[in-house]
Visitor: 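Got a structure for you, questions after.
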Amino acid sequence: MPRLSEAIAALDALWPPGSAEAWDAVGTVCGDPDQEVSRVLFAVDPVQEIVDEAVKLGADLLVTHHPLYLRGTTTVAASTFKGRVVHTLIKNDIALHVAHTNADRADPGVSDALAGALDLRVVRPLVPDPADPEGRRGLGRVCELDHPVTVREFAARAAERLPATAQGIRVAGDPDALVRTVAVSGGSGDSLFEDVRAAGVDAFLTADLRHHPASEARAHSPLALLDAAHWATEWPWCELAAAQLDEISDRHGWDLRVHVSKTVTDPWNSHSPSPGAPN
């Protein structure tokens, strides 16, 4: 079995911490570098129910996409919900490691996993990483479909293949317009509208689209917008990341047991459609 420091070195090679955004908080939150790791759990959110799942599973390492402390803190008291997470992890000898925007930019990364879930062929990054001479890393992905489908059909594909959430898929655009090329970005993507327009794609699938940016984007062009739940667009990365760690484990003879949490941690848990709303 590897030590935690060895497992973290392997993860950092997949998602170099230096490639994360300056505002981000990635890396190891807690854990003894010398402890042995035999079981790993991947999840999107480091919330209490995921930590409890890690305890029940007997995991030694929890890897999440979202940071626990993004803006810093002055306390880890168990009277706070994040402090309780830290206490539970340490009491049960579970390390927590975060790969956030460094996993977004990676090759393959979060948006590659999203494209794979939707059966899209990745052409290039939406926002290339200038530090990558091969032009493979960066934010988002520009993709192609094997054959054109309507916006309505593409939205149905997304609803079927992404994890089920109360929100489902919201659509802005002509449902009968044809889609040949798509930009995807796991997580909140409305800061990328200029890049999406420059890419000249037919549709953009992301999450957390706000009213004004979405309205302005629709006014600029006939670009179709598909807005999925934040958690659902990032969860496919957990399966990709687990497969990557499995391959590393096999190569090194570590015999790690790697798991992916299927617990839905999207904060929205029900949906009531407005009477007479368009389907």
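Here, residue 1 is the first one in the sequence, and each next residue gets the next number.
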Visitor: Thr233 side chain to Gly187 main-chain N or O, any donor-acceptor pair under 3.5 Å?
Guide: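 Flag set: sc Thr233 to bb Gly187 pair under 3.5 Å.
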Visitor: Does the distance from a Lys or Arg side-chain N to an Asp or Glu carboxylate O, for Arg157 and Glu153, drop under 4.0 Å?
Guide: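 So Arg157 does not pair with Glu153 through a salt bridge.
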Visitor: Backbone N or O of Arg39 within a donor-acceptor pair of the Asp60 side chain at under 3.5 Å?
Guide: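 Such a contact is found between Asp60 side chain and Arg39 backbone.
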Visitor: Side chain of Asp104, backbone of Val110: donor and acceptor closer than 3.5 Å?
Guide: no
Visitor: Does Val51 belong to the same Ile/Leu/Val/Met/Phe/Trp/Tyr cluster as Val63, with side-chain heavy atoms less than 4.5 Å apart forming each link?
Guide: no
Visitor: Are the side chain of Thr165 and the backbone N or O of Ala229 linked by a donor-acceptor pair below 3.5 Å?
Guide: no
Visitor: Is the shortest heavy-atom distance from the side chain of Ser111 to the side chain of Leu139 under 4.5 Å?
Guide: no
Visitor: Hey, does Val201 have a side-chain heavy atom less than 4.5 Å from the side chain of Arg180?
Guide: no
Visitor: For His66 and His230, I'd like to know if the aromatic rings sit close, meaning centre-to-centre distance below 6.0 Å.
Guide: yes
Visitor: Ignoring hydrogens and angles, state whether a donor on the side chain of Glu53 or Ser261 is under 3.5 Å from an acceptor on the partner side chain.
Guide: yes
Visitor: Do you know the tightest heavy-atom contact between Ala166 and Asn269?
Guide: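 Looking at all heavy atoms of both residues, the shortest contact is CB-C, 3.7 Å.
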Visitor: Please indicate whether Gln48 has more than 12 foreign heavy atoms, meaning atoms of other residues, nucleotides or ligands, lying under 6.0 Å from its CD.
Guide: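 Enclosed: over 12 neighbouring heavy atoms sit under 6.0 Å from CD of Gln48.
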Visitor: Group every Ile, Leu, Val, Met, Phe, Trp and Tyr by side-chain heavy-atom contacts under 4.5 Å, then state whether Val123 and Leu126 land in the same group.
Guide: no
Visitor: Which atom names give the shortest non-hydrogen contact between Trp15 and Ala99, and what distance separates them?
Guide: CE3-CB, 3.6 Å
Visitor: Find out whether Leu256 and Asp246 are in side-chain contact, i.e. whether some heavy atom of one side chain is under 4.5 Å from a heavy atom of the other.
Guide: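 Answer no - side chains too far apart.
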Visitor: Does Gln35 reach the main-chain N or O of Asp93 with its side chain, forming a donor-acceptor pair under 3.5 Å?
Guide: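 Pair found, side chain donor or acceptor close to backbone of Asp93.
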Visitor: Side chains of Asp176 and Thr150: is there a donor and an acceptor less than 3.5 Å apart?
Guide: no
Visitor: Which heavy atom of Thr263 sits nearest a heavy atom of Trp231, and at what distance?
Guide: O-CZ2, 3.6 Å
Visitor: Hey, quick one: are Val44 and Trp268 part of the same hydrophobic cluster, counting side-chain heavy atoms closer than 4.5 Å, chains of contacts allowed?
Guide: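 No, it is not one cluster - the side chains of Val44 and Trp268 are not joined through contacts under 4.5 Å.
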Visitor: Of all the heavy-atom pairs spanning Gly31 and Ala95, show the shortest one and how long it is.
Guide: CA-CB, 3.8 Å
Visitor: Under a 3.5 Å distance rule, please check whether Thr28 uses its side chain to pair with a backbone N or O of Cys30 as donor and acceptor.
Guide: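 Here the side-chain-to-backbone pair does not exist.
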Visitor: Report yes or no: do Thr265 and Glu49 form a side-chain donor-acceptor pair below 3.5 Å?
Guide: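 There is no such pair (donor and acceptor under 3.5 Å, judged by atom type) between the side chains of Thr265 and Glu49.
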Visitor: How about His252: does its NE2 atom have over 12 heavy atoms from other parts shown lying under 6.0 Å from it?
Guide: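 Yes, NE2 of His252 has more than 12 neighbouring heavy atoms, counting only those of other groups under 6.0 Å.
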Visitor: Can you tell me if Arg136 has over 12 outside heavy atoms packed within less than 6.0 Å of its CZ?
Guide: no
Visitor: My understanding is that a hydrophobic cluster links ILVMFWY residues whose side chain heavy atoms are under 4.5 Å apart, including indirect links. Using that, what else belongs to the cluster containing Val179?
Guide: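 Direct or chained contacts put Val179 with Leu114, Leu118, Leu120, Leu145, Val149, Val151, Phe154, Leu162, Ile169, Val171, Val182, Val184, Leu205, Leu226.
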Visitor: Please determine whether residues Val98 and Val47 belong to a single hydrophobic cluster, defined as Ile, Leu, Val, Met, Phe, Trp and Tyr linked transitively by side-chain heavy-atom distances below 4.5 Å.
Guide: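 Yes, Val98 and Val47 fall within the same hydrophobic cluster.
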Visitor: Taking 4.0 angstrom as the limit, do Asp34 and Arg3 come out as a salt bridge?
Guide: yes
Visitor: Please determine whether the number of non-hydrogen atoms from other residues, nucleotides or ligands lying under 6.0 Å from atom CZ of Arg210 exceeds 12.
Guide: no
Visitor: Applying the 4.5 Å side-chain criterion to the ILVMFWY set and letting contacts propagate, would Leu62 and Phe42 be lumped into a single cluster?
Guide: no
Visitor: Are Trp235 and His65 side-chain neighbours, meaning at least one heavy-atom pair lies under 4.5 Å?
Guide: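 No - every pair of side-chain heavy atoms lies 4.5 Å or more apart.
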Visitor: Could you work out the complete set of other residues in the hydrophobic cluster of Phe81, with links drawn between I, L, V, M, F, W and Y side chains under 4.5 Å apart?
Guide: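 Direct or chained contacts put Phe81 with none.
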Visitor: Could you work out, with side-chain hydrogen bond (donor to acceptor under 3.5 Å, both in side chains) as the rule, every residue matching Trp237, not counting sequence neighbours?
Guide: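 Scan of Trp237 (side-chain hydrogen bond (donor to acceptor under 3.5 Å, both in side chains), adjacent residues dropped) gives none.
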Visitor: Taking the side chain from Asp112 and the backbone from Gly109, do they hold a donor-acceptor pair closer than 3.5 Å?
Guide: yes
Visitor: Contact between His259 and Val40 at the side-chain level, heavy atoms closer than 4.5 Å - yes or no?
Guide: no
Visitor: Got Gln244 and Glu247 here, is their nearest side-chain heavy-atom distance under 4.5 Å?
Guide: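 The answer is no; the side chains never approach within 4.5 Å.
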Visitor: List the atom of Gly83, the atom of Tyr69, and the distance in Å for their closest heavy-atom pair.
Guide: N-OH, 3.5 Å
Visitor: Which atom names give the shortest non-hydrogen contact between Ser185 and Leu192, and what distance separates them?
Guide: OG-CD1, 3.5 Å
Visitor: Determine whether a donor-acceptor pair (N or O, by modelled atom type, separation under 3.5 Å) exists between the side chain of Asp24 and the backbone of Thr101.
Guide: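 Yes.
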Visitor: Using only heavy-atom distances, determine whether the side chains of Glu216 and His212 contain a donor-acceptor pair under 3.5 Å.
Guide: no
Visitor: Regarding Asn102 and Ser19, do their side chains bring together a donor and an acceptor under 3.5 Å, going by distance alone?
Guide: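 No - no donor-acceptor pair under 3.5 Å links their side chains.
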Visitor: Using side-chain heavy atoms (C-beta onward) and a distance below 4.5 Å, is Met1 in contact with Val37?
Guide: no
